[in-house]
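Position 1 is the first residue of the sequence; numbering continues from there.
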Amino acid sequence: MSVSEPCDTVWPADSVEFCPHEESRNVFVCGTYKLEEDPSAISDGNKQRRKGTCQVFEVTSMETKSLSLLQEVSLPAVLDQKWCHRSRSRTPILGIADSEGNITIHEWRSHNRSLHCLQKISLASDDTLCLSLDWSNRRHPTDHFGSLVVSISDGSLALLTPSSDGFLISSRWHAHDYEPWVSAWNYWESSVVYSGGDDLSLKGWDVRQPLTSPIFVNKRFDGGVTSIQSHPHVEHLIAVGSYDGTVRVFDTRKLPLPLTTMDVGGGAWRVKWHPSPDRKNDLLVACMHSGFKIIDIGQTAHLMQNDLPHGVRKQFDRHESLAYGADWSFHQETRGEETLIASCSFYDHTLYLWTG
């Protein structure tokens with residue numbers, strides 16, 4: 001397997017996102033999270049400060065897995081990042097969730113190869129974390145902005161909708177009794193969002209209705225729900241990761257019981273469906289204590305090889321710390337070739353490029 005040299009992100013790394021825009025698919029971002037340890041910076045009665053960066057990288061060679069750092073944006077600690085899927089005629093847009101209760105909206109300007117902040121939306125006090133965000137328009141690139149759903153460490157979710165003056169907070173509601181690690185749209189039904197958290201529950205919400213109660217609750221988890229992604233190519237499927245070391249795939253019409261449950265050997269912090277419909281069964285998983293894995297939800301017989309666990313197409317174990325961030329490149333590989341993947345880990349602050 002061709003692998004890049006390890007890249008030191010300096011501060012602990014926790015998220016990676018490739019740009020989906022047709023003209024910027026060699027660009028990706030890596031988010032970092034550093035807890036302030038300098039005693040002189042922490043006076044009595046003050047909370048520790050969380051600092052972070054959004055690092056912008058360019059893949060300079062697909063063959064040698066080479067990369068270069070284009071920009072480093074200083075922010076509060078970065079918890080999550082997502083690109084809005086926009087058409088070729090529109091500029092790429094990145095949303096970032098940070099540790100001081102903010103969502104920032106950034107525009108990627110290819111002519112000077114840098115991110116520029118367009119808007120900062122404060123959703124909570126500066127000691128409250130925005131934990132995750134997701135855009136509603138993942139299935140097809142659009143000329144317009146999608147809406148954003150955000151999960152916040154105080155147990156709430158927020159809905160941000162675009163307007164002529166930028167994004168507005170259209171709804172905010174209490175969703176979980178403990179940290180809601182993830183919020184995500186149903187990409188096929190833009191009125192429905194899902195959330196999961198440390199209360200061991202997966203919940204669904206219809207944003208057209210009063211948000212005083214969910215449309216369903218599934219509490220059949222043995223650990224906190226950490227990651228959710230609606231399938232961009234197969235209607236009614238969502239993948240759900242949990243601290244309990246399993247990935248579950250649900251049919252959204254029959255949510256009490258999963259279609260498939262797979263043990264991935266560590267907490268499933270991120271789950272990412274492959275961006276190509278030709279590989280619609282492939283799911284990339286950041287497994288925290290067990291590296292990164294590509295699993296085939298079809299568990300077809302030809303995958304039973306090389307002593308890999310049932311259903312695991314490939315695993316990547318070069319990281320020496322918590323496997324947190326991973327994403328597929330949107331480059332359309334030719335038939336038979338593997339897809340470029342970026343992955344990052346926390347305490348060893350390391351970033352790799354590899355294929356799978």
Side-chain angles (χ1 to χ4, degrees), residues 4 7 9 11 13-33 52-62 65-98 102-121 130 132-150 160-167 185 187 232 270 272 275 325-332 339-344 351 353:
S4 71
C7 174
T9 61
W11 287 352
D14 60 11
S15 72
V16 171
E17 296 287 330
F18 270 100
C19 183
H21 195 271
E22 187 174 336
E23 296 182 347
S24 300
R25 290 178 175 173
N26 61 335
V27 172
F28 69 93
V29 291
C30 178
T32 67
Y33 181 122
T53 59
C54 171
Q55 299 178 349
V56 186
F57 289 94
E58 178 184 34
V59 179
T60 55
S61 170
M62 297 284 286
K65 310 296 182 293
S66 302
L67 55 84
S68 64
L69 178 64
L70 300 178
Q71 184 185 11
E72 189 169 66
V73 181
S74 294
L75 293 159
V78 173
L79 278 298
D80 194 16
Q81 307 173 97
K82 295 288 193 323
W83 293 93
C84 184
H85 285 239
R86 305 188 84 201
S87 61
R88 183 175 182 174
S89 63
R90 305 293 179 173
T91 54
I93 295 294
L94 177 71
I96 301 177
D98 72 36
N102 306 307
I103 298 295
T104 48
I105 307 298
H106 302 258
E107 180 182 51
W108 172 249
R109 298 179 179 173
S110 56
H111 65 277
N112 60 7
R113 308 178 69 68
S114 61
L115 286 174
H116 293 261
C117 185
L118 299 180
Q119 187 181 6
K120 177 180 175 181
I121 306 120
C130 286
S132 75
L133 77 165
D134 193 24
W135 296 93
S136 62
N137 60 335
R138 175 65 187 264
R139 283 185 57 215
H140 303 292
T142 57
D143 287 344
H144 55 80
F145 291 110
S147 296
L148 277 167
V149 63
V150 181
L160 309 183
T161 52
S163 73
S164 58
D165 298 321
F167 285 88
W185 289 94
Y187 299 142
R270 286 287 182 269
K272 300 280 187 75
D327 200 18
W328 307 94
S329 165
F330 287 85
H331 270 291
Q332 296 301 310
T339 300
L340 185 68
I341 295 168
S343 58
C344 69
L351 171 73
L353 294 178

message: I need the minimum non-hydrogen distance between Arg25 and Ser329, along with the two atoms involved.
response: O-OG, 4.1 Å

field: Heavy-atom donor-acceptor pair, Lys65 side chain to Leu353 backbone, under 3.5 Å
entry: no

query: Going by the angle between their ring planes, with limits at 30° and 60°, are Phe167 and Phe145 parallel, tilted or perpendicular?
result: perpendicular

query: Going by heavy atoms in the side chains, are His106 and Cys117 under 4.5 Å from each other?
result: yes

Asp327: salt bridge (charged side-chain N to carboxylate O under 4.0 Å, His left out) partners, not counting sequence neighbours: Lys272

statement: Output for pair (Asn102 CG, Ile121 CD1), nearest 0.5 Å, gives 9.0 Å

- line: The reported gap from NE2 in His331 to CG in Asn26 (rounded to nearest 0.5 angstrom) is 5.5 Å

statement: CG of Leu351 to SG of Cys7, rounded to nearest 0.5 Å, is 5.0 Å

query: Where is the tightest heavy-atom contact between Cys30 and Thr9, given as atom of each residue plus distance?
result: SG-CG2, 4.0 Å

message: Walk me through whether Glu23 and Ser110 qualify under side chain to side chain contact (heavy atoms under 4.5 Å, CB included).
response: CA-CA 9 Å; Glu23 296 182 347; Ser110 56; 5.5 Å; no

task: Report the distance from atom CD of Gln55 to atom CG of Leu70, rounding to the nearest 0.5 Å.
output: 11.0 Å

task: Please examine the side chains of Phe28 and Val16, heavy atoms only from C-beta on, and report whether any two atoms are closer than 4.5 Å.
output: yes

query: How long is the gap from SG on Cys54 to CG on Leu75, to the nearest 0.5 Å?
result: 6.5 Å

message: Do Val29 and Ile96 have side chains that approach each other closer than 4.5 Å (heavy atoms only, starting at C-beta)?
response: no

message: Just to verify, what does Arg139 make a side chain to side chain contact (heavy atoms under 4.5 Å, CB included) with, not counting sequence neighbours?
response: Tyr187, Trp188

field: Minimal non-hydrogen separation, Leu340 against Met62, with atom names
entry: CD2-SD, 3.7 Å

- request: Please name the pair of heavy atoms, one in His21 and one in Thr91, separated by the smallest distance, quoted to 0.1 Å.
  value: CD2-C, 4.4 Å

message: Holding to salt bridge (charged side-chain N to carboxylate O under 4.0 Å, His left out), I want the full list of residues that pass it with Arg270, two or more places apart in sequence or in another chain.
response: Asp80

- prompt: For Pro92, does its backbone N or O pair with a side-chain atom of Trp83 as donor and acceptor, under 3.5 Å?
  reply: no

- request: Could you pull out the closest heavy-atom pair between Ile341 and Phe18, with the gap in Å?
  value: C-CE1, 4.2 Å

- prompt: How far does CH2 of Trp108 sit from OG of Ser24, to the nearest 0.5 angstrom?
  reply: 7.0 Å

- prompt: Under the side chain to side chain donor-acceptor pair (under 3.5 Å) test, which residues partner Thr53, sequence neighbours left out?
  reply: Thr32

field: Donor-acceptor under 3.5 Å (Asn137 side chain, His85 main chain)
entry: yes

- prompt: Are any non-hydrogen side-chain atoms of Pro162 and His144 less than 4.5 angstrom apart?
  reply: no

query: Do Leu148 and Ile105 have side-chain heavy atoms sitting under 4.5 Å apart?
result: yes

field: Side-chain donor or acceptor of Asp98 paired with backbone N/O of Pro76 under 3.5 Å
entry: no

- request: Quick one: list whatever passes side chain to side chain donor-acceptor pair (under 3.5 Å) with Ser114, sequence neighbours left out.
  value: Asn112, His116

query: If every non-hydrogen atom of Leu115 is compared with every non-hydrogen atom of Gln71, which pair is closest and at what distance?
result: N-OE1, 2.6 Å

message: Restricting to salt bridge (charged side-chain N to carboxylate O under 4.0 Å, His left out), what partner residues turn up for Glu58, sequence neighbours left out?
response: Arg113

